[in-house]
Amino acid sequence: MGTQEKAVFEFIERVDNHILIDDLLDDLLQVVGDYGIEHMIYTGLPVGDSSIDPLVKTNRFPQAWWDRYVENDYAKQDAVCQQVYSTMSPFAWHEVEPRFSSRDGAFQIAGEAAEHGLADGYIVPVFSRDEWLSALSFGAPNKLKLSQKERGALNLMAIYTSSAIERRQQRRPVRGRLSAREREVLLWTSAGKSCWDVSVILGISEKTVRFHTAQIRAKL
């Protein structure tokens, strides 16, 4: 058994030893770092006009990029996201079919993602207890060159990781679960800051602050 394969199976053995999800994700990202991967997100996929942000279960994408993605509702134009609706097979981001990558806005989104350190990635569609379809997506700063064996390893780790996250989050009440950014917005608004003040403090747009505020109200 090779070094990479051994690391994968050792990770799987450790999955249920992590009490905190953050510790689990730290472990996962350390292992997949050998594949050139630096980021990950596990989220449900939106239906119709709904937003993707409330569906996120864990997020280790760059915060600035995710704020931009949510603010501009990129999920509706993102070629990677759109292809997941048509297949349950994992794929690398650069393998997106032309019928999705040629849609309006798709090329721009891919370029902006690359500017934030997400030039390529690998996405594994999965089913979850809350959404009809979810996916665990890995992100990398450079184009990924994955062998079939490496793809199988990522598929396996994605399944074990998503299942572990589901089990841990099932113990918590779904209502009232705020993201890290929502907690920041709540902290500053409870201190009497206006949406404009919070946007300056956090370095995001006022529109994004108002969006997070609406999400906080819905959850609490």
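Any value given below was found using the heavy atoms of this structure, including those in side chains, with hydrogens, waters and symmetry copies removed.
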task = State, without any angle test, whether Gln63 and Asp67 hold a side-chain donor-acceptor pair at a distance under 3.5 Å.
result = yes
message = Which residues pass the side chain to side chain donor-acceptor pair (under 3.5 Å) test with Tyr160, not counting sequence neighbours?
response = none
message = Can you tell me how far apart CZ (Phe91) and OG (Ser137) are? Round to the nearest 0.5 Å.
response = 8.0 Å
Heavy-atom side-chain proximity of Asp23 to Asp27 below 4.5 angstrom = no
request  = Examine distances only and state if a side-chain atom of Asp197 and a backbone atom of Ser194 form a donor-acceptor pair shorter than 3.5 Å.
outcome  = yes
inquiry  = Does Tyr69 form a side-chain hydrogen bond (donor to acceptor under 3.5 Å, both in side chains) with Asp53? I'd like the steps, not just the answer.
reply    = CA-CA 9 Å; Tyr69 194 95; Asp53 198 41; over 6 Å; no
CZ-OG distance between Arg210 and Ser205, expressed to the nearest 0.5 angstrom = 10.5 Å
remark   = Scanning both residues in full, the closest heavy-atom pair of Pro125 with Leu133 reads CB-CD1, 4.4 Å
inquiry  = Quick check: do Val124 and Met157 have side-chain heavy atoms less than 4.5 Å from each other?
reply    = no
request  = Look at the rings of His116 and Trp65 and say which category their plane angle falls in: under 30° parallel, 30 to 60° tilted, over 60° perpendicular.
outcome  = tilted
ask   = Side chains of Ile37 and Leu154: closer than 4.5 Å at any heavy-atom pair?
value = yes
request  = Specify the closest pair of heavy atoms between Tyr122 and Ala92, including all atoms of both residues, with the distance to one decimal.
outcome  = CD1-N, 3.7 Å
request  = Evaluate whether atom NZ of Lys193 has more than 12 neighbouring non-hydrogen atoms of other residues, nucleotides or ligands under 6.0 angstrom away.
outcome  = no
key: Where Gly44 and Ser134 come nearest, the two heavy atoms and their spacing   = CA-OG, 3.4 Å
request  = Check whether any side-chain heavy atom of Asn72 sits under 4.5 Å from a side-chain heavy atom of Glu112, and report yes or no.
outcome  = no
key: Any donor-acceptor N/O pair, Asp78 side chain to Val80 backbone, under 3.5 Å   = yes
task = Please examine the side chains of Leu202 and Arg181, heavy atoms only from C-beta on, and report whether any two atoms are closer than 4.5 Å.
result = yes
query = Do Trp188 and Trp196 share a hydrophobic cluster (ILVMFWY, side-chain heavy atoms under 4.5 Å, transitive)?
reply = no
ask   = Does any non-hydrogen side-chain atom of Ser199 lie less than 4.5 Å from one of Thr208?
value = no
key: Asp26 bridged to Arg60 by N-O distance under 4.0 Å   = yes
inquiry  = Is there a side-chain contact (heavy atoms from CB on, under 4.5 Å) between Phe138 and Leu28? Walk through the geometry before answering.
reply    = CA-CA 10 Å; Phe138 298 102; Leu28 173 66; 4.1 Å; yes
task = Working to the nearest 0.5 Å, report the span between CD1 of Ile41 and CG of Leu136.
result = 9.0 Å
ask   = Where is the tightest heavy-atom contact between Val96 and Ala79, given as atom of each residue plus distance?
value = CG1-CB, 3.6 Å
request  = Starting at CD of Gln108, measure out to OH of Tyr74 and round the result to the nearest 0.5 Å.
outcome  = 5.0 Å
key: Spacing of OG belonging to Ser179 relative to CD1 belonging to Ile216, to within rounding of 0.5 Å   = 7.5 Å
ask   = Under 3.5 Å, side chain of Glu10 to main-chain N/O of Glu5, donor-acceptor pair present?
value = no
Over 12 non-hydrogen atoms of neighbours within 6.0 angstrom of CZ in Phe107 = no
task = Report yes if the side chains of Ile52 and Thr43 come closer than 4.5 Å at any heavy-atom pair, otherwise no.
result = yes
inquiry  = Quick one: does any side-chain atom of Asp120 pair with a main-chain N or O of His94 as donor and acceptor, under 3.5 Å?
reply    = yes
query = Counting distance only, does the side-chain N/O of Glu38 pair as donor-acceptor with the main-chain N or O of Pro141 below 3.5 Å?
reply = no
key: Tyr35 vs Leu144, side-chain contact (heavy atoms from CB on, under 4.5 Å): CA-CA, chis, key distance, verdict   = CA-CA 8 Å; Tyr35 300 80; Leu144 294 174; 5.5 Å; no
ask   = Are Asp16 and Arg167 close enough, and set up right, to give a side-chain contact (heavy atoms from CB on, under 4.5 Å), and what steps lead you there?
value = CA-CA 10 Å; Asp16 288 325; Arg167 289 195 298 274; 2.5 Å; yes
task = Indicate the atoms forming the closest heavy-atom contact of Ile204 with His212, along with that distance.
result = CD1-CD2, 4.5 Å
key: Cluster overlap Trp93 with Met88, hydrophobic side-chain contacts below 4.5 Å   = yes
task = Give a yes or no on whether the backbone of Pro98 and the side-chain of Ser102 come within a donor-acceptor separation of less than 3.5 Å.
result = yes
key: Cationic N near anionic O, under 4.0 Å, Arg68 to Glu71   = no
request  = Answer yes or no: is there a donor N or O on one side and an acceptor on the other, between the side chain of Gln169 and the main chain of Lys57, under 3.5 Å?
outcome  = yes
query = Any side-chain heavy atom of Phe211 within less than 4.5 Å of one from Val185?
reply = no
inquiry  = Let me confirm one number: the OH-CG distance from Tyr42 to Leu55, rounded to the nearest 0.5 Å.
reply    = 11.0 Å
request  = Inspect the surroundings of CG in Asp49 and state if more than 12 heavy atoms from other residues, nucleotides or ligands are less than 6.0 Å away.
outcome  = no
message = For Ile159, is there any backbone N or O sitting under 3.5 Å from a side-chain donor or acceptor partner on Ser162?
response = yes
ask   = Using 4.0 Å as the upper bound for N to carboxylate O, is an ion pair formed by Arg151 and Glu95?
value = yes
